[in-house]
Amino acid sequence: MMDEEIRPPRVGVLMTGGAVTVATLAMALVPSAAVVAMIGGVIAVVGTARGSRVILGIGTVCQIGAVVLAGAAALPPGLLLVGVLGVVLGWDVGEQSINVTEQLGAGATMVRSIVVHAAATTLVGAVAMAIVYGTFLASSGGQPLVALVAFLGGGGLVLLAMRA
Amino acid sequence: MRERSRRPDEETEGAAAVGLGRFLSVLGVFAVAAGFLLLVSPDLGESLSVQYIVVLAIGGLLLLFAARRWFKRLTSSIDTAETPPVERRTTVSVPGDGFDKLLVDTASNAMGRLQVKATARERIRAVAEVVVSGDPEDIDDQLAAGTWSDDPDANALFSNGTASVRDRVSSFVSGTSILKRRVVSAIEALARLADEDVEWEAEPVVPEVTQEPAEEGDHATGRWNGLTAVALTVVGFGVLLARPGLVLSGAVLSGLGAYAVAGSSPSTAVRISREIQPAAPRPGEPVDVTVEVENIGEQFLPDLRIVDGVPADLTIEADSPRHGTALRPGATMEYTYTVRGIRGSHTFEDAFLVSRNLPGTLERVEEFGVDGDRTVTYDVSSALDLSVPLRKQASMHVGRVLTDSAGSGLEFHSVREYRSGDPLTRIDWSRAARGEGLATLQFHEERAATVVLLIDARKEAYVANDDDSPSAVDRSVLAAAKLASALLAADDRVGLAALSPRQCWLAPGAGHTHLARLQDVLATDGAFAPSPPTLPYYQRINLPALRKRLSSDSQLVVFSPLVDDEVIDIVRQLQASGHPVTIISPDASGSGTPGRTLARLERRKRLSELRGANVRVVDWDADESLALALTNAGRRWS
């Protein structure tokens, strides 16, 4: 809306908080990563509550940093996947809350817009995670390096070509 | 993919980049497929030997690309369609805000400063004529000599004194131009002399700039633009550090990316209807508006945002005219909000619709026609036990205005010599008994007046004390309705006219039907619409037409906030052509800024000018009832 102050509804803030908490807990085995994730999570929640994309973005970048840290410290892939999904979901719900509040203002009813969007992202993320993790479990041990290279190179190229 | 890229920066990259992108993505898909093959039958890869260094190179490359993507993401932003500001569309201003704006803009250039100086001096001088004690003829001498005020800054505006070094320094430090300070001081000094309160609000109100609502059509939001950067970063580190977890994370992110890219085009297949309750409210009564939305398409609408087209000048009383929801095919949803208007006829506009697809990558903006109720018209009929003091100009019909002509009536007028044919009841019998001959008593004749209510509804008259108050036109129209019903109840004949480029004329008449017609015109006529006219009022064209229509016995009650000198001129002309004028002036002057204070002082000057021109003036405060204002004014006249 045209309000100088964008105050997203509490539902959006709570859901963002939930997602970043899940992300933080998933990384709890690597204390340094968990701390960074927690700080990032708090920043992200504050950003959502204040309707600021910049603050939300800073928080999310912190959390991505935490994911890289946790991954580097060899956190079990299953937990790491949950962590990364939590981070993306936190940002996604935060952004959705901000843009819907931007258009509709704080007084309007908009919970369904946020919840439906969050549910869809959660579902897609969970399915993607299940496929990736399932493949990983089914094939772990003694895979040829060429397969990895093909994966990485190919995936990287697809990502680069993606203009979503 | 190419069709989706509506971001201008990407379009400029040209066809080469698009071709390369397609090539890369095809290559990538092949490589992933090959990877799967190798996973399923590891023997296939045994024959190939690839050095680990290749992996490192790939990791580095991925991070490099990631950095590029990060940069791109950080230099762009997420687009959200701007929605119309339906809550605060007001067409009413506060008198003097224009002057405040002029003062704010002064510092720009020398020509501008000269202009501001000339305007300010002229207006302040005009007010000083009445405010400063002493002969108005000598006002220029007083101003030039600087004897009118104790404030050196205020005096300097007229004495052309050069600014001292100290003044210049303090002006530089405070960021207020010397001219502005002098003008403000002069207004302050005048206001003190006129016993007005001078409390400046911190900053003059500067109207906010509202952005235009988004154009209709599909817009890319660029919402998931950062995902690629994140995925590349995670995978890049995963490769460099040889951590499967990170690489898998990258894969999950790619899955989400694919979901974002695959988002379908949003649909707006809905039916919107509106119900307004009550449709003809009393002045100021809140009105409930219920909006019902139905998904009539086959597609699920995951994210639908509606902004109802609330008319300008209706204020939102409770809840919001905006709503966000998700609708299954065939599902219906409704929401209610409450608005409040003061009077007049208000037409709702089309609803503004934003529909997003599930991942939120595309949004469709549409202005949508709404079925059902469109207008709310405030009823102006309200009975009022009001006695309206009228001028002594009357028609030949019997009524309640005491005239100076002698005849039959109630109030004693004079005694004259008996003429044959005089009614016996009016012979002064006690005088006859004293033997002083026959004489006839005469009384003040009571006649009906013909009153034409003239409402100032020019662009300039759409002003209010502050942004939330009813405009002077609103108050005038409601007052005119009350006055008309009171006058018609007293057997006077009442007509109606608008001082506006949107012409309106209702010839004087009497009776219940006439009252109903008059109220209808006041409620719905375009001349009294809640929003100001776009055209200026041309006295030379519009005034003679009005004068031609006024019968010789009619008197005028003019409703005007007196925000400019044109009304004074018009009133004087009307009075000069034999129509006595009573002016009811709803006070719409604000306070708190120099411009508003100056405008208030100017209005006071106009009021006293009108009183001097033998016009009856009712100064009607915003927080005062019309009946009280009339009673107070009537006491002063009698």
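Below, chain A is the first sequence line, B the second, and so on; all start at residue 1. In this text, all values refer to a predicted model and were calculated from it rather than measured experimentally.
Residue B:L253 holds its CG atom at 6.5 Å from CD1 of A:I64, rounded to the nearest 0.5 Å.
The number of heavy atoms from other shown groups lying within 6.0 Å of CZ (A:R50) does not exceed 12. Other residues, nucleotides and ligands place more than 12 heavy atoms under 6.0 Å from the CZ atom of B:F352.
At least one side-chain heavy atom of A:N99 sits less than 4.5 Å from a side-chain heavy atom of B:R356. Contact annotation: the side chain of A:V124 approaches that of B:L256 to within less than 4.5 Å [non-hydrogen atoms, C-beta and beyond]. Contact of the B:L358 side chain with the A:V116 side chain is registered, since non-hydrogen atoms from C-beta on lie closer than 4.5 Å. Contact check for B:R223 versus A:E95: side-chain heavy atoms found under the 4.5 Å cut-off. Looking only at side-chain heavy atoms (C-beta outward), B:R305 and A:V100 come within less than 4.5 Å of each other.
Nearest heavy atom pair, residue A:Q103 against residue B:T83, reads O-OG1, 3.2 Å. B:V252 and A:G125 make their closest contact through CG1-O, 4.3 Å (heavy atoms, listed as atom of the first residue, atom of the second, distance). Across all their heavy atoms, B:L246 and A:A72 have their closest contact at CD1-N, 4.0 Å. The minimum heavy-atom distance between B:R322 and A:A108, with the atom names listed, is O-CB, 3.1 Å.
Comparing A:M110, A:R53, A:M129 by how many heavy-atom pairs each has under 4.5 Å with chain B, the most go to A:R53. Top candidate by heavy-atom pairs under 4.5 Å with chain A, chosen from B:V234, B:L61, B:T80, is B:T80. Of the listed residues (B:Y337, B:Y335, B:Y259), the one with the most heavy-atom contacts under 4.5 Å to chain A is B:Y259. Ranked by heavy-atom pairs shorter than 4.5 Å toward chain A, the options B:G238, B:S249, B:G255 are led by B:S249.
For a residue to count as touching a neighbouring chain, one of its non-hydrogen atoms must lie under 4.5 Å from one of that chain's; by this rule B:I306 touches chain A with the backbone only. When heavy atoms are compared at a cutoff of 4.5 Å, B:P321 does not approach chain A at all. Heavy-atom distances place no part of B:L74 under 4.5 Å from chain A, backbone and side chain included. For chain B, no part of A:L75 is nearby; none of its heavy atoms comes within less than 4.5 Å. For a residue to count as touching a neighbouring chain, one of its non-hydrogen atoms must lie under 4.5 Å from one of that chain's; by this rule B:A229 does not touch chain A.
Proximity to chain B at a heavy-atom threshold of 4.5 Å picks out A:L80, A:L81, A:V84, A:L85, A:V88, A:W91, A:D92 from residues 79-94 of chain A, in numerical order.
A donor atom on one side chain and an acceptor atom on the other are found under 3.5 Å apart for B:D303 and A:S113.
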